[in-house]
Amino acid sequence: MNDFSELRKEVSSWINANWDPSLDLITWRKKLADSGWGAPDWPKEDFGMGLSPEESSIIEEEFSKKGVIGAAQSGVRLLAAVTILEHGTREQKDRYLKPILTGEENWCQLFSEPGSGSDLAGATTRADLIGDEWIINGQKVWNTSAHHADFGLLVARTNWDVPKHEGISYFIIDMRQKEVEVRQLRQMNGHASFNEVFFTDARVSRENILGTEGRGWQVAMTTLAYERRSFDRARRVSSDMAGDASIYREYEMELEKANEPYKWYPQRAGRGDLVLETAIETGAIENAAIRQEIARFHVLNESAKWTAARAKAAQKAGQPQGPEGSLGKLAASRVAQSAARVHTSIMGNGALLTGEGSLKDGILAEVLVSTPAISIAGGTDEIQKNIIAERVLGLPKEPRFDSGPFRDVQKNADKSST
Amino acid sequence: MEYLFTKEQTQFRESLQNFFRKHSPTSEVRRLMETQLGFDREVWKNACGSLGLSGIAIPEEYGGSGFGPVELSIVCEEMGRSLYCSPFLGSVICAGSAINLSSANKETKEQYLSRIASGEIIAALAVTENKPMWGDENFVTAATPIDKNTFQLTGEKNFVISANAADVILVITNLEERATLFAVERDAEGLDISDLSVMDPTRKMSACSFDKTLAKCVGSIDLETLCSHVLIYLSNEMIGGAQQLLDSAIDYTKLRFQFGRSIASFQAIKHRLAELLLELELAKSACYQAAQALSDNEKIKERSSLAKSAANEAFLKAGLECIQLHGGIGFTWENDTHLWFKRAKSSEVLLGNSAINYERLLLAIPTVDSVLRRAS
Ligand SMILES: Cc1cc2nc3c(=O)[nH]c(=O)nc-3n(C[C@H](O)[C@H](O)[C@H](O)COP(=O)(O)OP(=O)(O)OC[C@H]3O[C@@H](n4cnc5c(N)ncnc54)[C@H](O)[C@@H]3O)c2cc1C
């Protein structure tokens, strides 16, 4: 087995020669991006080193061992990066990738619309090429961190006379123009991390189409595939790196701001880590019926972790993905829902309360009102099951009613006429 | 392996699949399950000899091939998938593990294990009197000393797997309050073996009674550890069966047309199969990790019950779903689904259903155990 000792040595010596905590955060990250060590699994010509995911994780390990701050990772930026890496032009890569790594620019995903969520290809936000600009009109919804974003990944319709998948295009839109209006939406858990976004003659310059006109669906698939694979990527809410230099405080502040919309995400995943602990603290563990629920949850939770580890190991080893690779998101949603159930049993009457004064400083109450999100965001459970059934199990597709020109496809039922 | 099977392990699995495809088609399973013996001696000899299956987990020093628990689990999984009828679980897994884990000296272990490994003898393990879990038994079978190593056993043991074919019955009962392993030869006086009418005819079981039957003392044994070992192999066998049921449901629903379309194109069916795949892959992870725990000798009690409860739920669900998705034909004797369904039921009951294993796995977590001790 390769223990990557050569690679470790190489990283170490680069760090020794270059890491300088007296730099400010952006200056350091620019240096990092130019060196390729900030995104080692990206191609050499695009701020990376062309290494494998496994080698890349070794490098990440070495960085964190030595307390070295890495490239920015928070939020939607990596979705943007993988999509641009795969479909972007040379100019787009040169313009956008580096500020993604340095953390100077933030991104959001503008896919869902009031009339099309699961059915992403049914988007009706329109993009019309007028002169040298795409003019955008329409509305998006549930767009996480759009209120912080400098740029958006936008799916919009450019042709209404062809079948729906062939008439959409993918754009990079500047969110800092007055023709784009972002309104925060309050969620059932009280947080406001997603938004409505309105476009009224908003502009995208001609060269900021990603991929070609009418090929937006293929581009969106890249974004979604990455999103579904990385849904459980730990989102660090605070940094675990400590140091006196001011670069660490800058880093801390950046993380806090970038992660603000995600601070409830650990609760959304169910906080299975708190189950046993709370059961012991509350004495619920002494109740044999509750123990059964706890154990059942424990079996699910551990099995899901190992299943994710199997998928990851296969991916690292470069093996073709087995069924375990497609199940992660569905498994995570089952884990979250089961966690909410078992927490409720353990909490007893405590589950009637919410807020800081309730059990575990309100974290458990937040679990109960946040877990429903995980089976919706990033593709619902039902959509995941369709995908698993068709792509993994090879079952036939259902008959469809939307294969003609998009103009003729039936849209939301009009209540007044039914 | 940690999380992936090695190339050698995958090749090994493929060679097993070939063997069982050839020697254990369902026509053979159906023929053998109607016989008193329940398996084919020629094929078993072949499996022990050329494939070396019976020697797989047995250390090299005792004539086995000394592969690890992971390889042995692969064997179990593939046997479960093909429903291969043999004394493997009873002789190699149960009896073999008991000898291996006992306090017996090297010579005694060698004497039994080398013959089990070569397939020369079939052994059976008699533990159960009353309870599903071995560790919960209050044994009443009495062991009376005759001389230093020889005892007389009197009592009854139930649900002894493959006792009908056994040359030697290994009996566990208490000796001076310690669980102890005794060996009874098939022709010993006072031994009576009567075959049970079991629901799963692919796994024969018998009741054994002992009336002042001569037995050799093999050594003492830790029942919980033995139980964990057998649970892990049994669970791996179960996920093989569950995989077979899922495959069969997929094949059938694709071919069956109703309302002018393949029933597999109905979302109600697609979603159920996707759910079943999830359940099965989760259970596989639990079972593979349990095998890994055996090789690392770590947390085996917790992992064994975790694997068993996951395998219970997946196998049973696969059985029920597979029948349901076949419709009427799924309820017939002629359709093969019930063979695996019955194996799922017998496996579920052996060494504890999920409820029992849930409790056992929680008590294997030290913090939980200590809190409950303090409370009681
Ligand atoms: C916390 C959170 C964050 C989000 N962040 C973003 C973001 O950053 N950017 C963004 O663009 N969007 C975001 N979304 C939106 C999300 O992607 C959509 O809500 C989701 O794809 C579902 O679409 P919908 O809400 O329109 O529901 P619908 O598609 O209308 O679905 C309603 C119900 O019908 C079911 N259904 C729909 N189609 C089928 C089918 N073919 N078969 C079976 N059942 C079906 C669904 O599963 C669901 O149960 C976010 C959502 C949440 C909850």
Side-chain angles (χ1 to χ4, degrees), chain A residues 276-277 279-281 283 285-289 291-317 319 322-331 333-335 381-382 384-399, chain B residues 1-5 246-247 249-250 253-254 260-267 269-289 292 302-303 305-310 312-314 354-355 357-363 365 367-368 370-372 374-376:
Chain A
L276 258 191
E277 184 181 313
I280 290 173
E281 278 167 21
I285 194 79
E286 288 163 38
N287 179 319
R291 275 206 299 282
Q292 287 280 307
E293 285 189 58
I294 294 172
R296 195 179 308 126
F297 170 73
H298 181 71
V299 172
L300 172 62
N301 196 35
E302 295 294 298
S303 305
K305 274 189 216 157
W306 294 326
T307 305
R310 279 169 62 206
K312 200 166 165 196
Q315 198 192 353
K316 264 191 178 175
Q319 292 184 2
E324 71 283 352
S326 317
L327 295 168
K329 187 166 189 298
L330 195 56
S333 116
R334 198 190 272 196
V335 166
D381 279 5
E382 287 73 24
Q384 294 307 310
K385 286 186 213 172
N386 287 347
I387 293 174
I388 292 165
E390 287 168 18
R391 309 247 178 90
V392 183
L393 300 180
L395 306 184
K397 289 190 185 314
E398 281 183 277
Chain B
M1 72 155 193
E2 184 80 76
Y3 292 111
L4 282 186
F5 290 106
L246 173 63
D247 291 347
I250 291 170
T253 53
K254 274 187 190 166
R261 54 197 267 210
S262 151
I263 57 167
S265 71
F266 289 108
Q267 199 177 59
I269 289 180
K270 288 159 92 166
H271 283 194
R272 291 171 77 151
L273 289 171
E275 285 271 346
L276 185 55
L277 175 72
L278 174 62
E279 188 96 21
L280 173 59
E281 288 298 323
L282 290 171
K284 275 189 184 172
S285 299
C287 293
Y288 296 163
Q289 280 308 302
Q292 185 63 38
E302 179 196 340
R303 296 286 160 86
S305 280
L306 201 160
K308 179 61 165 33
S309 49
N312 274 345
E313 298 304 306
S354 297
N357 278 287
Y358 286 149
E359 183 76 355
R360 183 172 181 268
L361 84 88
L362 270 193
L363 294 179
I365 299 174
T367 46
V368 176
S370 68
V371 172
L372 292 182
R374 242 181 290 138
S376 67

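Every chain is numbered from 1 and lettered A, B, ... according to where its sequence line falls, protein lines coming before strand lines.
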- Message: Tell me whether B:Arg261 forms a cation-pi arrangement with B:Phe266, defined as NZ or CZ under 6.0 Å from the six-membered ring centre and within 45 degrees of its axis.
- Response: yes
Compare all side-chain heavy atoms of [X] with those of [Y] and state whether any distance is below 4.5 angstrom.
{"X": "B:Leu282", "Y": "A:Val299", "value": "no"}
{"X": "B:Gln289", "Y": "B:Tyr3", "value": "yes"}
{"X": "B:His271", "Y": "A:Asn386", "value": "yes"}
{"X": "B:Ile269", "Y": "B:Leu273", "value": "yes"}
{"X": "B:Arg360", "Y": "B:Lys308", "value": "no"}

Which one, [options], leads in non-hydrogen pairs under 4.5 Å with chain B?
{"options": "A:Gly394, A:Ala279, A:Ala311, A:Ala317", "answer": "A:Gly394"}
{"options": "A:Arg334, A:Glu390, A:Glu286", "answer": "A:Arg334"}
{"options": "A:Ala288, A:Ala331, A:Gly283", "answer": "A:Ala331"}
{"options": "A:Glu302, A:Lys305, A:Glu382", "answer": "A:Glu382"}

| query | Residues two or more places apart in sequence or in another chain: which of them pass side-chain contact (heavy atoms from CB on, under 4.5 Å) with A:Glu281? | reply |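 Per chain and number, A:Glu281 pairs via side-chain contact (heavy atoms from CB on, under 4.5 Å) with A:Glu277, A:Lys360.
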Worksheet entry | A:Lys385 atom NZ: more than 12 heavy-atom contacts under 6.0 Å |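 More than 12 heavy atoms, drawn from other residues, nucleotides or ligands, come within 6.0 Å of this atom.
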Sort [X] into side chain, backbone, both or neither according to what part of it lies under 4.5 angstrom from a heavy atom of chain A.
{"X": "B:Ile365", "value": "side chain"}
{"X": "B:Glu302", "value": "side chain"}
{"X": "B:Leu372", "value": "side chain"}
{"X": "B:Lys270", "value": "both"}
{"X": "B:Leu362", "value": "side chain"}

| query | Quick one: does A:Arg310's side chain have a donor or acceptor within less than 3.5 Å of a partner on B:Glu281's backbone? | reply |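 Present.
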So, the part of A:Ile387 with a heavy atom under 4.5 Å from chain B: the answer is neither
Whatever's closer than 4.5 Å to a heavy atom in chain B on A:Ile280 counts as side chain
Scored by heavy-atom pairs under 4.5 Å with chain A, the best of B:Ala355, B:Ala375, B:Ser262, B:Ala283 is B:Ala355
Given B:Val371, B:Leu277, B:Ile250, the one with more heavy-atom pairs under 4.5 angstrom with chain A than any other is B:Leu277
